[in-house]
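Quick notes on the structure that follows.
Everything numeric in this text was worked out from a predicted model, so none of it was measured.
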Amino acid sequence: MAKTIIDILVSKNLLTLEGGAAVRKEAREKDAPFDDGLYSRGIKETDVAEAKSMVTGYPVKYLQGVAVPFDVLRDIPEESARHYAIIPLGRHEGFLDIGMLHPEDAASQEALKFIAGRAGLPLRIFIITPDDFQAVLQEYRSLSGEVTKALGEFEKEYEGLGANVKIRRDSTKIVEDAPVTKMMAVMLRHAVEGRASDIHIEPTRANLRVRFRVDGVLYTSLLLPIDVHPAVVSRIKVMTNLKIDETRVPQDGRFHAEINGRFIDFRVSTFPTAFGEKVAIRILDPEAGVATMADLGIEGSNLEKVEAAIKRPFGMILITGPTGSGKSTTLYALLQKLNEERYNIVSLEDPVEYYIPGVNQSQVRPEIGYEFATGLRHIMRQDPDIIMVGEIRDKETAALAIHAALTGHLVLSTLHTNNAVGVIPRLIDMGIDPFLLAPTLIMAVGQRLVRKLCQDSRKAVTIEGALKETLMTEIETMPPAAKKEAEAMLKGEVYQAEVSGICPKGTRGRTGIFEVLTMTPELEKIILSKPSEADIQREVLRQGMLSMKQDGLIKVLKGTIGFEELLEVV
């Protein structure tokens, strides 16, 4: 068989005759498959798989990063999968699909007969690549495999209670049960290792769905029997010190855990639904490094404006955008830039998401009356130079922040508006007098987060048709400097996401798109004369402000993000 496969590779000019002879010799001496010898000579895994397919008649199956469901992994134990180099791929059309690395191996073929008998289904064999084989082995050790094991222990322990016995919400024994604790520990660890920002635990009529938000998109990670839902929620409530017996109203709390040697904070919110309580868990890593402005995607004229604004001795800088748009991360990047020994920097946060050495960070606690407004009053007695307020939520906090900016302090904060232009009307609606706002607001930054293309597997697409028309229209409206830069990059093609084994989702990480509004004498006059968003919009166009969409289009032309990913957020 080795000779036949080698002949195929030689006929395709992928291997020389001498190289083929050397591969055969090495395989005989080591009494091992010849695959490693082929790979070491630069033969691609896909080419070897296709050659095996031609010899055996088995089709090749590329997983392309698609995970094998955890219930499928039960069909072949991990030890057998590793030993025989075979993996379950799923049950389709009355068959159990099996992936094989070495279809020529007699021991593996014998093992398949046993597996077919136990499963009670005929088998369909597929050739797979080593990369896909290793990826599935990782699944055995990932969330799915470990939770499956814990769930098996859970079911075994309670099978003696009878098929009709349901798990009670108030069962202390269940709450403290090791399998449930283990399931939660695995979920949390897997979410942290997978760079998830949130975990959603959602009861449905049929099962308990667990989803992770990665790079802004929710993905279903596993489905559990609905019977375990009360036990899982109770376990979370125990960790968070929430009321276990209260299921009718939403509750909020937080807890922290040590995962892989790091202390991670988790913000928990429960919410009653028709099928039981839904739990959302936000993951915060205080020990993670603070990103730089370049890491965030602030560049070009936007970077120049931001760097000029933070050099001002006093005034207010506001970051705006919806929940989850990276506002706090931008604030931390600004604080890191300002963090010098000569400054006393004090922050009020809810919660503290990252620790910055040299910055006095304080977490507000509304449950005991320590809120942003209360904290701001006390900060003023701490001789601050720079103040960071996590969020301006009400008139009182806004008024205190304005007062701090007027009295010689640099104030950084966030505000919920759709764009930078909306900051001014929003503050006025909150009750801030225009004559106080005009001299204090230095800069407003609007932002969104866009999924970045995986640089290892992105695909070039020609700029034509509707895409070309849209790009040309937007470029025409850009400020002169940005227009010139965009036209220079408009070379006939851009990139789009492509799913691969390296990037299962076609994207990896996120970057920001920004618009930066700065205060000018003309804008001050508009603010003092009952401003509307339309009036402010005309002024920012005169300033040459780059909109978020235009900033995103420049990143599309650079190949950092895809056009489709940009349209998801603007």
Side-chain angles (χ1 to χ4, degrees), residues 293 296-312 314-323 325-335 337-338 386-393 395 397-399 401-402 404-406 409-449 479 512-528 531-552 570:
M293 285 189 277
L296 298 177
I298 304 176
E299 54 193 24
S301 61
N302 285 343
L303 181 59
E304 293 172 5
K305 291 177 182 178
V306 170
E307 289 183 334
I310 62 176
K311 289 177 182 176
R312 299 276 291 273
F314 59 87
M316 185 163 64
I317 296 172
L318 294 178
I319 314 297
T320 183
T323 302
S325 61
K327 299 186 298 296
S328 297
T329 305
T330 302
L331 280 184
Y332 282 116
L334 298 181
L335 280 185
K337 189 81 174 176
L338 292 163
I386 299 167
I387 301 169
M388 193 267 264
V389 182
E391 183 183 345
I392 293 178
R393 296 176 178 172
K395 178 182 177 180
T397 306
I402 290 283
L406 279 171
H409 305 91
L410 185 62
V411 179
L412 287 70
S413 190
T414 69
L415 192 67
H416 282 286
T417 65
N418 286 328
N419 51 34
V421 170
V423 165
I424 295 167
R426 175 82 175 109
L427 287 172
I428 292 174
D429 288 344
M430 291 176 78
I432 300 302
D433 293 321
F435 69 88
L436 293 175
L437 181 58
T440 53
L441 182 65
I442 301 172
M443 179 180 70
V445 179
Q447 69 177 76
R448 296 287 190 280
L449 290 177
I513 56 173
F514 300 87
E515 59 184 25
V516 180
L517 166 67
T518 55
M519 186 60 67
T520 61
E522 291 81 4
L523 186 54
E524 286 190 19
K525 291 176 184 177
I526 293 172
I527 292 173
L528 294 171
S532 66
E533 281 204 29
D535 294 331
I536 301 168
Q537 191 67 48
R538 281 192 290 272
E539 165 58 19
V540 299
L541 289 175
R542 189 200 65 79
Q543 284 185 18
M545 183 187 83
L546 200 64
S547 71
M548 280 186 278
K549 186 174 184 180
Q550 291 168 341
D551 185 38
V570 297

- line: Residues Ala398 and Leu427: closest non-hydrogen pair is CB-CD2, 4.4 Å
message: Run the side-chain hydrogen bond (donor to acceptor under 3.5 Å, both in side chains) test against Thr397 and tell me which residues pass, sequence neighbours left out.
response: Asp394
- prompt: Out of curiosity, Thr329 OG1 to Leu334 CG, how far, rounded to the nearest 0.5 Å?
  reply: 11.0 Å
field: Contacts of Asn418 that satisfy side chain to side chain contact (heavy atoms under 4.5 Å, CB included) - sequence neighbours left out
entry: Arg448
query: Looking only at heavy atoms, which two atoms of Thr518 and Leu523 are closest? And how far apart?
result: O-CD2, 3.7 Å
- prompt: Rounded to the nearest 0.5 Å, what separation is found between the CD1 atom of Ile317 and the CG atom of Leu338?
  reply: 7.0 Å
message: Between Gln543 and Leu517, is there a side-chain heavy-atom distance shorter than 4.5 Å?
response: yes
- prompt: With sequence neighbours left out, what residues match Ser532 under side-chain hydrogen bond (donor to acceptor under 3.5 Å, both in side chains)?
  reply: Asp535
Report, one line per pair, each donor and acceptor closer than 3.5 Å where one atom sits in a side chain of residues 429-441; sequence neighbours left out.
| unit_1 | atom_1 | unit_2 | atom_2 | d |
| --- | --- | --- | --- | --- |
| Thr440 | OG1 | Leu436 | O | 2.9 |
| Thr440 | OG1 | Leu437 | O | 3.1 |

- prompt: Is any side-chain heavy atom of Val306 closer than 4.5 Å to a side-chain heavy atom of Phe514?
  reply: no
- prompt: Nearest 0.5 Å, what's the CE-NE2 distance between Met316 and His409?
  reply: 14.5 Å
- prompt: Is a side-chain N or O of Gln447 found less than 3.5 angstrom from the main chain of Ser325, in a donor-acceptor match?
  reply: yes
query: Mind checking whether Asn302 and Asp551 have side chains closer than 4.5 Å, heavy atoms only?
result: yes
field: Considering all heavy atoms, the nearest Pro479-Met545 contact
entry: CG-O, 4.0 Å
Distance-minimising heavy-atom pair for Val411 and Ala401: CG2-O, 3.8 Å
message: Once rounded to the nearest 0.5 Å, what's the spacing between atom CZ of Arg393 and atom CG of Leu415?
response: 12.0 Å
query: Should Glu522 and Lys525 be marked as a salt bridge (charged side-chain N to carboxylate O under 4.0 Å, His left out) after you check the CA-CA gap, both sets of side-chain angles, and the distance that decides it?
result: CA-CA 5 Å; Glu522 291 81 4; Lys525 291 176 184 177; over 6 Å; no
- request: Could I get the full list of side chain to side chain contact (heavy atoms under 4.5 Å, CB included) partners for Thr414, not counting sequence neighbours?
  value: Ile319, Lys327, Leu331, Glu391
- prompt: Can you check whether Leu318 reaches Thr417 side chain to side chain, under 4.5 Å on heavy atoms?
  reply: no
- request: Calculate, to the nearest 0.5 Å, the distance between atoms CD1 and CZ belonging to Ile442 and Phe314 respectively.
  value: 8.0 Å
message: Under the rule for side chain to side chain contact (heavy atoms under 4.5 Å, CB included), what residues qualify as partners of Lys337, not counting sequence neighbours?
response: Met293, Glu307, Ile310
query: CZ of Arg542: more than 12 outside heavy atoms within 6.0 angstrom?
result: yes
statement: Note: Leu546 and Glu515 closest approach over all heavy atoms is O-CB, 3.3 Å
field: For the student: nearest non-hydrogen atoms of Ile424 and Pro531, plus distance
entry: CG2-CG, 4.2 Å
